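Encoded as C-alpha cells, the structure appears first; notes follow it.
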Amino acid sequence: MMIRVLGMMSGTSLDGVDAAMIETDGIRIGGFGRSGYRAYSDNEAAALHAALGRWPGEAGVKEAAEISVLSHAALAGDFPEAELIGYHGQTLAHDPQGRGTHQAGDGAALARMSDRPVIWDFRSEDVRQGGEGAPLAPFFHWACAEWAIAQGHLPVEPVAFLNLGGVGNITWADPSVPAPEAPGACIAFDTGPANAPINDLMRNRLHRERDEDGRLASSGRVDHDILAEFLRHPYFERPPPKSLDRNQFSGLSQAVSHLTDADAAATLVAALARSVAAGLRWLPAPPAVLLVCGGGRHNTAIMEALRAQLTTRVQPVESAGLDGDMLEAQAFGWLAARVVKGLPTSGPMTTGVPAPVCGGRISHSR
Ligand SMILES: Nc1ncnc2c1ncn2[C@@H]1O[C@H](COP(=O)(O)OP(=O)(O)OP(=O)(O)O)[C@@H](O)[C@H]1O
Ligand SMILES: CC(=O)N[C@H]1[C@@H]2OC[C@@H](O2)[C@@H](O)[C@@H]1O[C@H](C)C(=O)O
C-alpha cells in the first residue's frame, strides 16, 4: 500500500531544513509531491555552528536539538496531507569508529507537536552493528534510478548520483539488480568536503552564506601545491565504504587561509572536484552518467570543475526528471516508509555494516 510521507532533511551545510512529500510503499516510488524549505535564522545558524562536534549532554546540544525540533514542527505544519514523517535531525558530530554518530533532535517531541508518527534516529543502529552510519541515501538513489527508467528518462544502465551538500557523497547504482540491498546493486561512500568549507570561507571572511553561483571561485586561481597536499590525505586511498564528519578536512580550510578570497574559493572548488575524481576509481564500472544533486550543482564553478576533471558525462539530476534540491529530503521520507515495513535502509556496500540493517526509531503522536 502506498502512503504519503513527508521527508525532512537539514544537512551539514547548516543552511536550513528541506521538506518534501513522497508517495511510496517503501519499495517503489509512487510519485513526488509538494516541497518546502525553512532557512535557519542567523541566530539559529550561529547556535548550530557553535554546537558542531559536540555530543549529547555537552554544552549547546540541548539548544541545537530545540532549534531542530521547532524548525521542523513549523515546516511540518504546512503539510497536513502527510501520514508519516521521516526526520533526519541535525548532524553535529560523526565518528562511527569511535563515539558514534550524533543527530541533534527529538522525534518524540516532533511527533507530539506535528500530531503524526515520526521515524527518526536513522543512523545509530547501523553504527551499533559496525557500519559507518552514512551515507543513507544510496538505497533511495537506486529507487530513483528505477523510477527514472520507468519514466523513460534513463537507460537501463548503471548510473551514479553525486550529492553535493556540506560533504559530498556518491552512489553507483545498477538498476538491473532486483533490490537495492541485493549484492551488486549499490556502492556508495562520502567523496570528500563539498560546500561546507566554501560556506565557512564565505561566512568567516565576507559574512555571506555562500558563493552565489560560484562567482568568487570563478574569478580566482587554484593553488596547485595546496591541492596536491590535500590529495595526499589517506582518506582517498581508503577503499569504500567510508564516511566523513563535516569538519574532518579542516586542514584544507587552514591551508587556504593565506590566499586571497577568490584564490581560496577556487582552490576549495578544485579540491571538491579532484576528490570526486579520486573517488570514481572505486566504482565497479563507469556509470552512464553522473547525476549531480544537492545545492552544489547550483555553483557554476563546481559544475565546470567537475566537467573538466571527469571523462564521465556530468548532468544535474533534473536531466533524469528528479528534483536535485529535494532528493535528500525525499530520501528520508522513502526510508521512513521502509522502517515502518522493517525493510533494510543500509547494507555492506553502502555503509559497511556486516549485513543489511533496518535503522530508525518510531515515535507515535500520542
Ligand atoms: N545558487 C547557489 N550558488 C552557490 N552555492 C549554492 C547555491 N545554492 C546552493 N548552494 C550551496 O548548496 C548548499 C546547500 O546544499 P544542500 O541543501 O544540498 O546541503 P545540505 O542539506 O547541507 O546537504 P547534506 O545533508 O547532503 O550535507 C548551500 O549551503 C550552498 O553552499
Ligand atoms: C553523518 C551525516 O549526517 N552525513 C551526511 C553528510 O552530508 C553528506 C554526507 O555527509 C552523507 O554521508 C550524509 O548525508 C546524506 C544525506 C546521506 O546519508 O546519504
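Keep in mind the model is a prediction, meaning the values are calculated, not measured. Counting starts at 1 for both ligands and their atoms, following the listed order. Below, each value reflects all heavy atoms present in this structure, side chains not excepted, and no hydrogens, waters or symmetry copies.
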For Asp325, give me all partners under salt bridge (Lys or Arg N to Asp or Glu O under 4.0 Å), at least two apart in sequence or on another chain. Arg297
Presence of salt bridge, Arg307 and Glu304, under 4.0 angstrom: no
Can you tell me how far the CG atom of Asp190 sits from the CZ atom of Arg246, to the nearest 0.5 Å? 13.5 Å
Does CD in Glu209 sit with more than 12 non-hydrogen atoms of other residues, nucleotides or ligands closer than 6.0 Å? no
Once you restrict to heavy atoms under 4.0 Å, what part of Asp213 touches ligand 1? Side chain, backbone, both or neither. both
Per-atom contacts of ligand 1 with Glu212, taking only distances under 4.0 Å to non-hydrogen atoms: 1 (N), 2 (C), 3 (N)
Name the closest protein heavy atom to atom 8 (N) of ligand 1, giving the residue it belongs to and the distance to 0.1 Å. Arg210 NH1, 3.3 Å
Taking the six-membered ring for Trp, are Phe140 and Trp334 parallel (under 30°), tilted (30 to 60°) or perpendicular (over 60°)? tilted
Give me the residue, atom name and distance of the protein heavy atom closest to atom 4 (C) of ligand 1. Asp211 O, 3.1 Å
Nearest non-hydrogen contact to atom 9 (C) of ligand 1 from the set Gly295, Pro197, Ala329 belongs to Gly295
I want to know whether Phe230 and Phe236 have ring centres closer than 6.0 Å. yes
Could you measure the distance from the NE2 atom of His72 to the CD1 atom of Ile67? Nearest 0.5 Å is fine. 12.0 Å
What is the nearest protein non-hydrogen atom to atom 2 (C) of ligand 1, stated with its residue, atom name and distance? His298 CB, 3.4 Å
Nearest-0.5 Å distance that lies between atom CG in Leu216 and atom CZ in Arg205: 9.0 Å
Taken in chain and number order and not counting sequence neighbours, the residues that satisfy salt bridge (Lys or Arg N to Asp or Glu O under 4.0 Å) with Arg221 are none
Against Ser243, only a single residue in Arg123, Gln248, Glu132 fulfils side-chain hydrogen bond (donor to acceptor under 3.5 Å, both in side chains); can you say which? Glu132
Check step by step if side-chain hydrogen bond (donor to acceptor under 3.5 Å, both in side chains) holds for Trp142 and Thr171. CA-CA 8 Å; Trp142 181 92; Thr171 302; over 6 Å; no
Within the 4.0 Å heavy-atom shell around Asn163, which atoms of ligand 1 are there? 26 (O)
Which of the numbered atoms in ligand 1 are under 4.0 angstrom from any heavy atom belonging to Gly294? 18 (O)
Under 4.0 Å from ligand 1, counting heavy atoms only, is it the side chain of Glu209, its backbone, both or neither? neither
Apply the test side chain to side chain contact (heavy atoms under 4.5 Å, CB included) to residues Ile226 and Leu259: give CA-CA distance (whole Å), side-chain angles for both, the deciding distance (0.1 Å), then the verdict. CA-CA 10 Å; Ile226 294 174; Leu259 300 181; 3.8 Å; yes
Output every pair passing ring pair (Phe, Tyr, Trp, His ring centres under 6.0 Å) with a member in residues 6-51, not counting sequence neighbours, ordered by first then second residue. Phe32-Trp147
Counting non-hydrogen protein atoms only, what is the nearest one to atom 17 (O) of ligand 1? Give residue, atom name and distance. Asp18 OD2, 3.8 Å
In ligand 1, the atoms that come under 4.0 Å of a heavy atom of Leu164 are 18 (O)
Give the protein residues with at least one non-hydrogen atom closer than 4.0 Å to an atom of ligand 2, ordered by chain and number. Met9, Thr12, His88, Thr91, His94, Arg123, Ala134, Pro135, Leu136, Ala137, Val167, Asn169, Asp190, Glu328
Heavy-atom distance to atom 23 (O) of ligand 1: which of Gly296, Gly165, Ala196 wins? Gly165
Could you tell me whether ligand 1 has any atom less than 4.0 Å away from a heavy atom of Ile198? no
Lys/Arg N to Asp/Glu carboxylate O, Lys242 vs Glu237, below 4.0 Å: no
Heavy atoms only: which of Asn199, Asp200, Thr12 lies closest to atom 30 (C) of ligand 1? Asn199
Please identify which atoms of ligand 1 are closer than 4.0 Å to at least one heavy atom of Asn195. 11 (C), 12 (O), 13 (C), 31 (O)
Short list, please: which atoms of ligand 1 are under 4.0 Å from a heavy atom of Met9? 25 (O)
Protein residue, atom and distance nearest to atom 22 (O) of ligand 1, heavy-atom basis: Ser13 N, 2.6 Å
